[in-house]
Amino acid sequence: VLVQAYRDAMPPNKLFAWDAARGQLALFAQLGLRASAAQAVMQAFAAPTPAQPGASAPPSPRQHLVVFSGHCIDAGDAAPRFPAAAEAQARACMQDSLRGLMAGLADDESLSVLASAAPGADILLHELCAELGLHSRLCLPMPAQAVASLAFAAADAWRARFLALVKAHEKSLLQLADSAELPRWLQGRVGINAWERGNRWVMALAQAWGAQRVTLLVLWDGQDDGNTGGTAHMVRMAKALGQFELQVIDSRQWLPRLAP
């Protein structure tokens with residue numbers, strides 16, 4: 001019955017509709033919410049086929065999907081990871097990494113990028129993609145105004161850059177939820193917050209994208225304290241899934257050296 005309900009609801013010949021549904025199902029499975037039912041639906045049928053009987057779909061170009069995650073710019077008295085003074089250096093290293101990924105494409109391969117937009121590396125990534133002519137998708141776990149309020153409370157300059165990105169991506173922005181609050185079925189679950197849910201959603205999107213290659217590119221200090229919702233969490237998930245190539249830009253190179 002559940003499988004047939006999905007068949008009835010899926011518009012014919014709308015591949016994006018199935019990709020979106022599959023991404024949500026994969027997210028449910030990862031969160032352990034009716035995981036067996038979600039897996040059953042995903043296994044029951046593939047993406048919709050062309051509408052005309054006997055017609056074959058034109059070959060799609062091969063895709064290399066890059067998921068990006070990186071540290072926020074340092075703020076307050078937190079342990080240093082991405083000093084504001086290192087922005088230009090980080091930008092140069094990130095540009096080199098993107099150029100390297102572009103240079104490694106096959107003739108029939110295209111490159112797309114998924115990233116959120118926290119103040120720091122995420123915003124730099126989208127700005128660089130625009131400069132390099134790369135297609136990036138802005139992935140927000142909640143409405144843009146909620147993100148601006150929660151993530152940019154003490155970062156006015158970064159907030160302006162964030163809002164400029166939202167405007168530039170208004171036709172291609174991907175948004176998980178319509179509010180900053182967790183849905184009822186997730187409220188009260190230990191360890192689940194909006195940022196962790198956003199990370200899991202982006203990884204589920206990447207799995208459902210249909211790309212032949214998927215790379216997780218991170219700007220990271222290599223430290224994993226076991227928390228969720230940040231860059232280390234993305235690295236942990238990618239390693240557990242075993243489907244991602246991992247490319248690390250080591251942010252420790254910009255930290256001030258400690259005296260012996």
Side-chain angles (χ1 to χ4, degrees), residues 23-24 27-28 30-31 33 67-84 86-87 90 94 113-130 136-206 216-221 223-237 251:
Q24 290 295 321
L27 178 60
F28 294 155
Q30 288 184 22
L31 291 174
L33 300 169
V67 178
F68 178 82
S69 182
H71 290 314
C72 293
I73 207 78
D74 289 347
D77 297 328
R81 298 188 308 181
F82 185 0
E87 180 180 341
M94 291 168 63
V113 181
L114 299 179
S116 190
D122 289 354
I123 287 179
L124 284 174
L125 184 280
H126 286 292
E127 292 174 345
L128 282 167
C129 284
S136 69
R137 299 293 294 265
L138 185 60
C139 304
L140 301 181
M142 62 189 74
Q145 289 301 324
V147 175
S149 175
L150 293 174
F152 296 83
D156 288 342
W158 287 98
R159 185 191 299 109
R161 291 163 73 172
F162 166 72
L163 294 175
L165 283 178
V166 171
K167 184 175 182 180
H169 289 80
E170 59 184 355
K171 293 184 178 179
S172 60
L173 187 149
L174 300 175
Q175 180 180 308
L176 173 60
D178 59 6
S179 76
E181 298 294 326
L182 290 174
R184 289 182 181 178
W185 49 271
L186 274 181
Q187 291 176 8
R189 289 179 65 91
V190 177
I192 298 290
N193 58 52
W195 309 116
E196 176 187 355
R197 185 175 180 237
N199 275 2
R200 292 186 181 279
W201 169 61
V202 171
M203 296 300 271
L205 280 177
L216 177 64
L217 174 65
V218 293
L219 185 142
W220 185 42
D221 63 0
Q223 304 301 307
D224 187 355
D225 58 7
N227 290 331
T228 58
T231 300
H233 181 219
M234 294 289 276
V235 173
R236 201 182 315 132
M237 284 192 293
S251 66

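All figures in this text were calculated on a predicted structure; none of them were measured in a lab. Below, all heavy atoms of this structure are taken into account, side chains as well, without hydrogens, waters or symmetry copies.
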Q: Taking all heavy atoms of F162 and all of A144, pick out the closest pair and write down the distance.
A: CE2-O, 3.4 Å
Q: Indicate the ring-plane relationship of H169 and H126, choosing parallel, tilted or perpendicular according to the 30° and 60° boundaries.
A: perpendicular
Q: Can you tell me which residue pairs pass the salt bridge (Lys or Arg N to Asp or Glu O under 4.0 Å) test with a partner in residues 170-179, sequence neighbours excluded?
A: none
Q: Drop me the distance from L163's CG to Q145's CD, to the nearest 0.5 angstrom.
A: 6.0 Å
Q: Before giving the answer on side chain to side chain contact (heavy atoms under 4.5 Å, CB included), spell out for R81 and D74 the whole-Å C-alpha distance, their side-chain angles and the decisive distance to 0.1 Å.
A: CA-CA 6 Å; R81 298 188 308 181; D74 289 347; 3.9 Å; yes
(Q) Quick check: do M94 and F68 have side-chain heavy atoms less than 4.5 Å from each other? (A) yes
Q: Could I get the full list of side-chain hydrogen bond (donor to acceptor under 3.5 Å, both in side chains) partners for S69, not counting sequence neighbours?
A: T231
Q. Are the side chains of V235 and D224 in touch, meaning some heavy atoms are under 4.5 Å apart?
A. no
Q: Sorted by first residue and then second, give each salt bridge (Lys or Arg N to Asp or Glu O under 4.0 Å) pair with at least one member in residues 113-128; sequence neighbours left out.
A: R91-E127, E127-R161
Q) In Å and rounded to the nearest 0.5 Å, what is the NE2 to CG distance from H233 to D225? A) 11.5 Å
Q | Side-chain donor/acceptor of N199 to backbone N/O of G230, under 3.5 Å | A | yes
Q: Say whether, by atom type as modelled, one donor and one acceptor occur between the side chain of S136 and the main chain of V113 under 3.5 angstrom.
A: no
**Q.** Those residues that, when tested against A86, pass side chain to side chain contact (heavy atoms under 4.5 Å, CB included) (two or more places apart)
**A.** F82, P83, Q89, W254
Q. Between atom CZ of R236 and atom OG1 of T228, what is the distance when rounded to the nearest 0.5 Å?
A. 7.5 Å
**Q.** Spatial distance of atom SG (C129) from atom CG (L138) [nearest 0.5 Å]
**A.** 11.0 Å
Q | CE on M203 to CG on L114, rounded to 0.5 Å | A | 10.5 Å
Q. Applying salt bridge (Lys or Arg N to Asp or Glu O under 4.0 Å), which residue pairs with at least one partner in residues 146-157 are found, sequence neighbours left out?
A. D156-R159
Q) S251 and H71: which non-hydrogen atoms are nearest, and at how many Å? A) OG-CD2, 3.6 Å
(Q) Tell me the closest heavy-atom pair linking P141 and S116, and the distance in Å. (A) CD-OG, 4.3 Å
Q: Mind checking the CE-CZ spacing from M234 to R200? Nearest 0.5 Å is all I need.
A: 11.0 Å
Q | Considering all heavy atoms, the nearest A117-F152 contact | A | O-CZ, 3.2 Å
Q: Using the test side chain to side chain contact (heavy atoms under 4.5 Å, CB included), find all partners of L150 that sit at least two apart in sequence or belong to another chain.
A: M142, A180, W195
